[in-house]
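This report concerns only the one structure given below.
Along the sequence shown, residues are numbered consecutively beginning with 1. No hydrogens, no waters, no symmetry mates; every other heavy atom, side chains included, goes into these values.
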Amino acid sequence: MLSYSLLQLFNPFICFIINVLIQVVSYRIISRLGLLKSELLGFAAGVFGGFLLIEAFLLSLTFKFRLADSLSILVVNLVIYSSLGYCYYNFYKSGSNSEENTNIKG
């Protein structure tokens, strides 16, 4: 039971890593895909590919949680993942904005 609890604890961070990897790979490989579309693709892959599959796997293995507990864990993990994705987007965007400002001034 403890290993499932640890997996639930690290679930948003695992999905965030999936988000970053998909975003970087899609931006580098698919040249016609812009920055914003690659960010959205990475976020969607993290939510659907990682987040929902891991949560569905955990809920299928452990039936000790009630439905209300499972939904509250799902919502909290989704909020954490969304916050991480939002911070990553702003961090990435601030770097590209500083490059644009440097190109304009120089």
Side-chain angles (χ1 to χ4, degrees):
M1 186 69 178
L2 181 64
S3 63
Y4 300 131
S5 298
L6 287 176
L7 188 57
Q8 284 179 337
L9 177 68
F10 291 116
N11 185 15
F13 302 105
I14 293 168
C15 296
F16 178 68
I17 291 170
I18 292 171
N19 177 1
V20 171
L21 289 176
I22 294 293
Q23 189 272 326
V24 169
V25 168
S26 66
Y27 186 69
R28 299 281 183 199
I29 292 178
I30 306 171
S31 61
R32 62 185 167 93
L33 197 64
L35 179 64
L36 180 62
K37 288 182 183 177
S38 68
E39 289 276 343
L40 291 175
L41 180 67
F43 186 79
V47 169
F48 296 117
F51 188 75
L52 294 178
L53 289 177
I54 291 173
E55 288 292 331
F57 173 72
L58 289 174
L59 292 177
S60 69
L61 289 179
T62 60
F63 291 108
K64 295 182 180 182
F65 296 119
R66 294 185 317 211
L67 182 61
D69 293 338
S70 299
L71 287 177
S72 64
I73 290 171
L74 182 76
V75 168
V76 168
N77 281 343
L78 188 59
V79 167
I80 293 170
Y81 172 70
S82 298
S83 300
L84 288 171
Y86 180 73
C87 289
Y88 174 68
Y89 173 75
N90 284 323
F91 178 74
Y92 202 79
K93 224 22 197 174
S94 68
S96 66
N97 285 341
S98 68
E99 288 176 3
E100 290 172 7
N101 290 338
T102 304
N103 291 337
I104 290 172
K105 291 179 182 178

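Proximity of a side-chain donor or acceptor of Tyr27 to a complementary backbone N or O of Lys37 within less than 3.5 Å is not detected.
Here the options are Val24, Ile18, Ile17, the test is side chain to side chain contact (heavy atoms under 4.5 Å, CB included), and the partner is Leu21; only Ile17 passes.
Transitive grouping of hydrophobic side chains (ILVMFWY, heavy atoms separated by less than 4.5 Å) keeps Ile14 and Val79 in distinct clusters. Note on Leu84 and Val76: same hydrophobic cluster, where clusters join Ile, Leu, Val, Met, Phe, Trp and Tyr whose side-chain heavy atoms are under 4.5 Å apart, directly or indirectly. In the hydrophobic clustering of ILVMFWY residues, with side-chain heavy atoms under 4.5 Å counting as a link, Leu35 and Val20 come out together.
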Criterion side chain to side chain donor-acceptor pair (under 3.5 Å) on Glu39 and Tyr88, from CA distance to verdict: CA-CA 9 Å; Glu39 289 276 343; Tyr88 174 68; 4.5 Å; no
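Between Ser82 atom OG and Phe16 atom CZ the span is 12.0 Å, to the nearest 0.5 Å. Interatomic distance, CG of Leu78 versus CG of Asn11, reported as 10.0 Å (0.5 Å rounding). With values rounded to the nearest 0.5 angstrom, Leu33 atom CG is found 9.0 Å from Gln23 atom CD.
Contact record, Pro12 with Ile80: CB-CG2, 3.6 Å, taken as the closest heavy-atom pair. When all heavy atoms of Ser26 and Ser38 are compared, the pair lying nearest together is OG-CB, 3.5 Å.
Counting heavy atoms from C-beta on, the side chains of Tyr81 and Phe43 come closer than 4.5 Å. For the pair Tyr89 and Leu36, the minimum side-chain heavy-atom distance is below 4.5 Å.
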